[in-house]
Amino acid sequence: MSYQEQEKYEESELYRIRHSAAHVMAQAVIELFEPGEAKFAIGPPVENGFYYDFDLPRNLTPDDLKAIEKRMRQIIAKHHPFEKVVVSAEKAKEMFEGQPYKIELIEGLEEGGFDEYGEPLDEKPEISFYSHDAFTDLCRGPHVEHTGKINPSAIKLMSIAGAYWRGDENKSQLQRIYGTAWKTSKELEEHLHMLEEAKKRDHRKLGKELDIYTFSDEVGPGLPLWLPNGGILIEELEALAKEIEHNHNYDRVRTPHLTKEDLFHRSGHLPYYAESMYPPMDMDGVKYYVKPMNCPMHHKIFDARPRSYRDLPLRLAEYGTCYRFEKSGELFGLMRVRSMQMNDAHIYCSEDDFEQEFMDVIAMYMEYFEIFNIEKYVMRFSTHVKEGLSKKYVDNERLWLKTEEMVRQAMRNGNVPFVEVPDEAAFYGPKVDVQVWSAIGREFTLATNQVDFSQPVSFDLAFKNSAGEDETPLCIHRAPLSTHERLIGFLIEHYAGKFPVWLAPEQASVIPITDDQNEYALEIERKLKAINVRVKADLGSDRMNAKIRSAQKMQVPYMLVVGKREVEENSIALRLRDGTRKDGTSVDEFLDMIQGKISTRSAEL
RNA sequence: GCCGACGUAGCUCAAUGGUAGAGCAGCCGCCUUGUAAGCGGCAGGUUAUGGGUUCGAUUCCCAUCGUCGGCUCCA
């Protein structure tokens, strides 16, 4: 669901159904325990369903889930009406005695401060309850008229998960039950089918099947090993990035993986980012850290000699390898790893040049998105919050406000739609991220474009302006192609393994029908290799059908079937990955065609 | 890191308180084939690791490691 659609969803019938289903589920869960034993927290509708969080005397099991679902159907069958009452805060607290989470919510509402997610509210809301059958919940609604409006054959409890109260890892951990609810059983089935289909695109599954990457317990969690096919993807992506960056006047640099501790103190990574860094290693009493980001080293390159305004904007690019100590539970296939190569660059510019440089990066996003046919994404403008200053964010409110306004204006002037998200900035400045979704619906930041007003100061970076005075540059950190890891994880799912020809690890497979055509197949292989096509003649003892099948499974874009006829005609029977056949294609014609597809990075076969 | 589930051959999965079996992949042979699996054979596992219970553990228990579903966090 996009952010824009959220407003409409809250007014929909489906939203009321799901919200009501959450209440029914809560009743069923509470009934499993002695009165007062089960504490319940919140239970909102979410995309495709709902959840409810509980604090229970014991852990729920999958068998409980079945029992809860069964009980829900009984409650639904009784057509209990949902009734709303507005009450005073005192009365509300009285009624929820022994329910600490509810009391906390009521106190939040009473102060007019926060909603059920702990988000600040503009005005003091009324306190209302919704009741059905024997269950009453603090709730602002809305609900369906009665439980019978929930279709008992269109609901399903999906999973049990842990979740922190108010999303705060320092608070108690609750048990969350996720459910899905629809209007009809057909919609439910379609949803479940869609989840199955999504699993087939999961990059962890396809990455294995297509021999792209692997993990080894001995190497370590979150440290992917790229197989040859993955190596090809990386090289193609780097070639693309280098080409585009060349066109946008970037200079390429290279920096080491290790740095002395002091550099990261100066950059602010220590302490702001320390939690995500691998612990230091000690060399003769000096501490070294593996780098979680490339920026400090690029700053030193900027500072390698005195700079003039004539040097600016200075754009330093590097596919830098970084290491971040992500918490174990945060790892996720290729999308969230501990070693990564970033499509990194740092742009040093004057304030006057800022808008143009920032928007040039946004334009670069668009160039890439066109090449990859990426259409579903959201630009997120992440800003600081005052309370985070000196804790999560460098302590300079004036520059935060100033740079945030610069970004806001630049995005508006460029007519780029974005959503603004407070309290998600980098420690050194505001940023615009591109959010995408994995096949299984998990949200990820793909590209990023960040302003940094802090590090240039702490690194004493300066250039002589045209008046001959020292001026501090702004720094833009940007990664339009994300990291190889996350981008490739994303692309595997985006293409469902069917990479465009230019990216495909194996671009063509020559398939002789009998051994008599082996020589001819090798000749075609040679011709293709000569124009740098990744091709293999499949001379194995399998029958042609089996060879086609294995090429199909590896999503090879072109299968060149050659039999007696083709040898005589100096042609190929071309089969595209999508099943299209072009028999009698001349060899020269095919050479031209594949070369064209590759050189233009065509999305078409 | 936290809550929960899971961990059998390269892959997908089966079985059992008496030291495991299939399909695919691999290797060898036969077949010489016209657009998604030709046939036969061989080989492959200290059942993640380390303890414990037991006459006996892969199966039961504990710990560790890893993976997965979430939470937190993020490129």
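A note on names: the letters A, B, ... follow the listed sequences, proteins ahead of strands, and every chain is numbered from 1.
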Heavy atoms from other residues, nucleotides or ligands near NZ of K564(A) exceed 12 (cutoff 6.0 Å): no
Closest to the E330(A) side chain, choosing from rG69(B), rA75(B), rC73(B): rC73(B)
Residue-phosphate contact under 4.0 Å: S328(A) side-chain N/O, rG1(B) OP1/OP2: yes
Selected nucleotide, minimal atom distance to P221(A) side chain, candidates rU32(B), rG66(B), rG34(B): rG66(B)
Over 12 non-hydrogen atoms of neighbours within 6.0 angstrom of CZ in R58(A): yes
Of the listed nucleotides rG70(B), rA36(B), rU33(B), the one nearest the side chain of A161(A): rG70(B)
Separation of rC28(B) P from D542(A) CG (nearest whole Å): 13 Å
Nearest-angstrom distance from the residue atom CG of D217(A) to P of rC68(B): 11 Å
Closest to side chain of T445(A), choosing from rG1(B), rA75(B), rG34(B): rA75(B)
Matching residue for D202(A) among R204(A), K205(A), K200(A), K199(A) - test: salt bridge (Lys or Arg N to Asp or Glu O under 4.0 Å): R204(A)
Touch class at under 4.0 angstrom, heavy-atom based, for G329(A) against every strand present: base
Side-chain N or O of K208(A) closer than 4.0 Å to phosphate OP1/OP2 of rU12(B): yes
Nucleotide nearest R581(A) (side chain, heavy atoms from C-beta), chosen from rG38(B), rG4(B), rU35(B): rU35(B)
Short side-chain N/O contact from Y178(A) to OP1 or OP2 of rC71(B), under 4.0 Å: yes
Sugar-phosphate, base or nothing in reach of K431(A), heavy atoms under 4.0 Å: sugar-phosphate
Over 12 foreign heavy atoms within 6.0 Å of CD, E275(A): no
Sugar-phosphate, base or nothing in reach of A546(A), heavy atoms under 4.0 Å: sugar-phosphate
Sugar-phosphate, base or nothing in reach of N343(A), heavy atoms under 4.0 Å: nothing
Residue V337(A), side-chain atoms from C-beta onward, closest of rA36(B), rG70(B), rA75(B): rA75(B)
Check: rG70(B) base within 3.5 Å donor-acceptor of Y164(A) side chain: no
Selected nucleotide, minimal atom distance to R204(A) side chain, candidates rU33(B), rC68(B), rA36(B): rC68(B)
Quiz item: R486(A) side-chain donor-acceptor pair to rC74(B) base, under 3.5 Å: yes
Close side-chain approach of F444(A) to R486(A), heavy-atom, < 4.5 Å: yes
Sugar-phosphate only, base, or nothing, as touched by A551(A) at under 4.0 Å among non-hydrogen atoms: nothing
Sugar-phosphate, base or nothing in reach of M340(A), heavy atoms under 4.0 Å: base
Any N545(A) side-chain N or O less than 4.0 Å from OP1/OP2 of rU35(B): no
Check: S482(A) side chain, rA75(B) base, donor-acceptor under 3.5 Å: no
Touch class at under 4.0 angstrom, heavy-atom based, for E566(A) against every strand present: base
R575(A) CZ - rU35(B) P separation (whole Å): 10 Å
From rG1(B), rC74(B), rU35(B), nucleotide with atom closest to R336(A) side chain: rC74(B)
Partner nucleotide of rA20(B) by Watson-Crick or wobble geometry (both distances under 3.5 Å): none
Nucleotide of rU32(B), rA75(B), rU35(B) approaching D515(A) most closely (side-chain heavy atoms): rU32(B)
Nucleotide nearest R565(A) when distance is taken to its side chain, options rG34(B), rC73(B), rG70(B): rG34(B)
Ring pair (Phe, Tyr, Trp, His ring centres under 6.0 Å) partner of Y393(A), chosen from Y272(A), Y273(A), F427(A), W400(A): W400(A)
